[in-house]
Amino acid sequence: MLLLRQTQHQLTLFLRRPAAVFFVVAMPLIMFLVFVILFGNELIPETEITTAQFYAPALAVFGAVMACYTYLAISTATSRDQGVLKRIRGTPLKPAIYIWARILAVTVIAIAAALLVMVVGNLFFGVAFYPEKLPMALISLFLGCLSFAGLGMMVCAFCQTSDTVQAVTSATVLPLAFLSDVFIRPFRDVPVWVTWIADTFPLKHFSLAFGHAFRSDMGGSGFVWAGGEETYTALPRLAIMLAWGVAGAFIAAKLFKWDPKGEI
Amino acid sequence: MTPIRIQNLTKNYAGKPAVAGVSFEVQAGETYALLGPNGAGKTTTIEILEGYRRRDGGEVSVLGADPGVQGNGLRERIGIVLQTTALEPELTVEETVTNFRSFYPNPHSVGEVLELVDLGFASATRVKALSGGQQRRLEIGLGLIGNPDLVFLDEPTTGLDPDARRNIWNLVLELNAMGKTILLSSHYMDEVEALAHRLAVLVDGKIKAEGSPQSLRDQHGAYTEVRFYLGERPLPESFPPALRKIIHTERGWVIFEVPNPTPFLADLTNWSFKEQFELPHLSVTQPSLEEIYLNPTRGRRGAARNSKQAEI
Ligand SMILES: Nc1ncnc2c1ncn2[C@@H]1O[C@H](COP(=O)(O)OP(=O)(O)OP(=O)(O)O)[C@@H](O)[C@H]1O
Ligand SMILES: [Mg+2]
């Protein structure tokens, strides 16, 4: 009960921050529209999918990352700067409930932001859904949210102020988004080190675990550990992503301070 | 049971002592004040009691528990007002109090608390639109919503105008009338005199004096300061040598600090009357406790140390 109340509390706060709502919910949708209009909603060369079919899931993932990583880290650091975290820690509310409420709230926001792009894509740009792959798509989205929330808490724990958190989240998300099949359609002649970097970090695995569920040229339901280029293979990607998330959460739990100047 | 008991509390930051052997007790129903200048160790002491900081040495008991060990059981029974404001600006007053209310097993109603802190009229107002004094009252309300036995108020009035200060004083007096035990910190003696049954003067992490405001006055207010303004002029030759001996000057003021002002004033005014020498801005005051303890450049010992002896 307390957990739900606190989740709702965090959602109320989010809805009253117009800048946050814009960047997390509206931005991915706007970028989707810009890309589709800019590139034209045609078949991407050498593939069987349209621009919209690629960008809708990619930007849905981007929205989820903005909510669970960027917004979670910045808003938590801001609360810490405001002394709100310290004050909460002086009440009988259990710290774990408070943190989980923040994570659940950003997960709800992430799913809403992702859904918005997907539904607009479906209604206006012919983005197709494939029922046999939808369960894995939803699982990927949910696990992606939790993993990036773990990383968001880690960044928040590492940095002293919300300004630094802002810088660090931008400096990590934006470059990776270009390399991870989020902002740019996959193309062939990339240097191998770029692929190597992208494969190391979790964003590409998130975008493909979710994105491949919306490919007509990929078969299966995603619940497989290995497969060729023609198979929707989500499990190894989810494993890598979760490893990042768990590591982040672990470090966050070790380092996190409710009162930056104090000892708790 | 004694709500607060501290013995020989010590706390260092990077090897530098912030609290150096502080001991005091606060009785049930009492309002106890820590009076001291910036950096005296008031917040450090209070936050150790609240469980925010760990102590380096000494014994501490808050409502019978050790705040360094005990967690939620203790937090249900104490109310906290931190030195710096910690509110979510996007929420309304009522939402803020309702949220905090849900943390406690046995809380007051939101309406009761808003009425107590006199914010009923603002229940739908966003926190960011409140004045500084109203925000402070809201924070005191949050400290009370859980129906605590013991309330910590770290500088509840700093930065407020005289009206808002009065407001908070009345509120603290009301809390005391409700039977709450209160530990507050302050920079101002007038505040402590208005609110506290007892106080400790804390300077550089040590208690310099402790007792009721009246008893501290009796102990330490024993010197009366007499001063008048001379400017650049010298004192006349005829000035009584007995008085001249105890003079010191400060920016044109001639200052005497005397244990018994009546005969001294008789001598001074007698001379002035006889010689037709005016004593501009003549004043007779008792230094306040703040001047004695908190402001090293004023007060009896401080003045003697810091201004050069007159050579008139
Ligand atoms: N987190 C900290 N890290 C290092 N030093 C600290 C820390 N907190 C306090 N100090 C130092 O400890 C001493 C006591 O500080 P404290 O905040 O307890 O004083 P205070 O009496 O509350 O002062 P003020 O009236 O300014 O609030 C000061 O010298 C301060 O610089
Ligand atoms: Mg302080």
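Proteins come first, then strands; the chains are lettered A, B, ... in the order of their sequence lines, and each starts at number 1.
- The environment of B/Trp169 atom CH2 is dense: over 12 non-hydrogen atoms of other residues, nucleotides or ligands sit within 6.0 angstrom.
- Proximity of A/Met1 to B/Ser102: side-chain heavy atoms (C-beta onward) are nowhere separated by under 4.5 Å.
- Of the listed residues (A/Ile97, A/Asp259, A/Ile264, A/Thr91), the one with the most heavy-atom contacts under 4.5 Å to chain B is A/Thr91.
- Using a 4.5 Å heavy-atom threshold, the side chains of B/Phe100 and A/Leu93 count as separate.
- The 12-atom threshold is not exceeded at CZ of A/Phe23, counting heavy atoms of other residues, nucleotides or ligands nearer than 6.0 Å.
- Contact of A/Arg17 with chain B is made through the side chain alone, with heavy-atom distances under 4.5 Å.
- Neither the backbone nor the side chain of B/Thr43 comes within less than 4.5 Å of any heavy atom of chain A.
- Heavy-atom neighbours of B/Glu115 CD from other residues, nucleotides or ligands within 6.0 Å: at or below the threshold of 12.
- Proximity to chain A (any heavy atom under 4.5 Å) is restricted, for B/Thr85, to the backbone atoms N, CA, C and O.
- Surrounding OH of B/Tyr13 are more than 12 heavy atoms belonging to other residues, nucleotides or ligands, all under 6.0 Å away.
- The nearest pair of heavy atoms linking A/Lys86 to B/Tyr52 is O-OH, 2.6 Å.
- Under a 3.5 Å cut-off, the side chain of A/Arg87 and the backbone N or O of B/Glu139 do not form any donor-acceptor pair.
- Residues A/Leu13 and B/Glu88 have side chains in contact (heavy-atom distance under 4.5 Å, counting atoms from C-beta outward).
- Between the side chains of A/His9 and B/Glu95, no donor-acceptor pair is found at a separation under 3.5 Å.
- Heavy atoms from other residues, nucleotides or ligands lying under 6.0 Å from CD of A/Gln8 number 12 at most.
- The environment of CD in B/Glu25 is crowded: more than 12 heavy-atom neighbours from other residues, nucleotides or ligands sit within 6.0 Å.
- Taking every heavy atom of both residues into account, B/Ala86 and A/Val84 meet most closely at CB-N, 4.0 Å.
- With a threshold of 4.5 angstrom between heavy atoms, B/Leu87 approaches chain A through N, CA, C or O but not through any side-chain atom.
- Contacts of B/Arg77 with chain A are absent, with no heavy-atom separation under 4.5 Å from either backbone or side chain.
- Contact annotation for B/Leu91: both backbone and side-chain heavy atoms come within less than 4.5 Å of a heavy atom of chain A.
- In summary, A/Glu263 and B/Lys11 engage in a salt bridge, as defined by a charged side-chain N under 4.0 Å from a carboxylate O.
- For A/Arg16 (side chain) and B/Glu90 (main-chain N/O), a donor-acceptor pair under 3.5 Å exists by modelled atom type.
- For B/Asn170, the CG atom sits in a packed shell: over 12 heavy atoms of surrounding residues, nucleotides or ligands are nearer than 6.0 Å.
- When the shell of 6.0 Å around CZ of A/Phe142 is examined, it contains 12 or fewer heavy atoms from other residues, nucleotides or ligands.
- The shortest heavy-atom contact between B/Asn99 and A/Gln6 is OD1-NE2, 2.8 Å.
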